[in-house]
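First up is the structure itself, then whatever we jot down about it.
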Amino acid sequence: MQNGANRISSIHFNIENTDAYYQQALSLALHNAQMKAKTIAETMRLPIQPQPIEIVEEHEIEPVLYRSVTTVDSTISTPIEQGQMTINATVRVKFQY
């Protein structure tokens with residue numbers, strides 16, 4: 001700001017080692033699918049160990065958030081708010097009973 005900059009835009013925060021967190025989310029998604037299949041099998045009195053016949057990893061494209069700040073007063077600091085970053089994994093699983 002002291003050197004004449006009066007516009008700040010496209011500030012991005014990232015998570016280091018996202019692959020490890022994504023693998024954990026993917027494992028949880030697969031476990032969740034398996035538990036749901038077992039619940040269905042038990043409720044419908046089908047074989048208790050349903051076998052997956054197709055597993056598709058689905059990718060969600062999240063919108064890019066854009067926010068800019070314009071200021072003329074050099075005493076105003078950049079507004080950075082705390083938030084939470086999430087990593088999602090989605091799978092579509094078909095089971096054979």
Side-chain angles (χ1 to χ4, degrees):
M1 296 285 197
Q2 293 175 347
N3 294 329
N6 61 5
R7 185 177 183 97
I8 301 167
S9 64
S10 299
I11 297 174
H12 298 279
F13 295 96
N14 294 319
I15 299 172
E16 286 187 24
N17 199 9
T18 57
D19 288 339
Y21 293 113
Y22 179 77
Q23 294 300 321
Q24 184 179 7
L26 185 59
S27 178
L28 290 170
L30 290 166
H31 179 71
N32 189 353
Q34 185 74 32
M35 295 303 295
K36 288 179 180 180
K38 284 182 181 182
T39 299
I40 292 169
E42 290 170 1
T43 302
M44 300 301 293
R45 295 188 179 130
L46 299 171
I48 203 69
Q49 292 296 327
Q51 296 298 312
I53 57 172
E54 181 181 9
I55 300 173
V56 178
E57 181 180 4
E58 297 182 348
H59 299 280
E60 296 178 3
I61 299 174
E62 296 185 21
V64 176
L65 300 177
Y66 179 81
R67 182 177 179 184
S68 65
V69 176
T70 303
T71 181
V72 292
D73 185 358
S74 64
T75 61
I76 298 175
S77 64
T78 303
I80 299 176
E81 300 175 10
Q82 92 177 21
Q84 185 174 19
M85 300 179 96
T86 58
I87 296 177
N88 297 315
T90 304
V91 292
R92 183 172 24 100
V93 184
K94 290 183 181 179
F95 288 93
Q96 180 175 348
Y97 293 91

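In this chain, residues are counted from 1 in sequence order. Computed over heavy atoms, backbone and side chain alike; hydrogens, waters and symmetry mates excluded.
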Single-linkage hydrophobic cluster Leu26~Met85, side-chain heavy atoms < 4.5 angstrom: yes
Criterion side-chain contact (heavy atoms from CB on, under 4.5 Å) on Val56 and Glu54, from CA distance to verdict: CA-CA 7 Å; Val56 178; Glu54 181 181 9; 3.5 Å; yes
Transitive ILVMFWY side-chain link Tyr97 to Val93, under 4.5 Å: yes
Residues which pass side-chain hydrogen bond (donor to acceptor under 3.5 Å, both in side chains) with Tyr22, listed by chain and number, not counting sequence neighbours: Glu57
Expected output: side-chain Ser27 to main-chain Gln23 donor-acceptor under 3.5 Å: no
Polar side-chain atom of Gln51 near backbone of Gln49 as donor-acceptor pair, under 3.5 Å: yes
Beyond-backbone contact of Thr39 with Thr43, side-chain heavy atoms, under 4.5 angstrom: yes
Cluster check Phe95, Ile55: I/L/V/M/F/W/Y, side chain < 4.5 angstrom: yes
Hydrophobic cluster identity match, Ile15 and Leu28, side-chain contacts under 4.5 Å: no
Student check: side-chain heavy atoms of Pro50 and Gln96 closer than 4.5 Å: no
Closest non-hydrogen atom pair, Ala29 against Ala89: CB-O, 3.6 Å
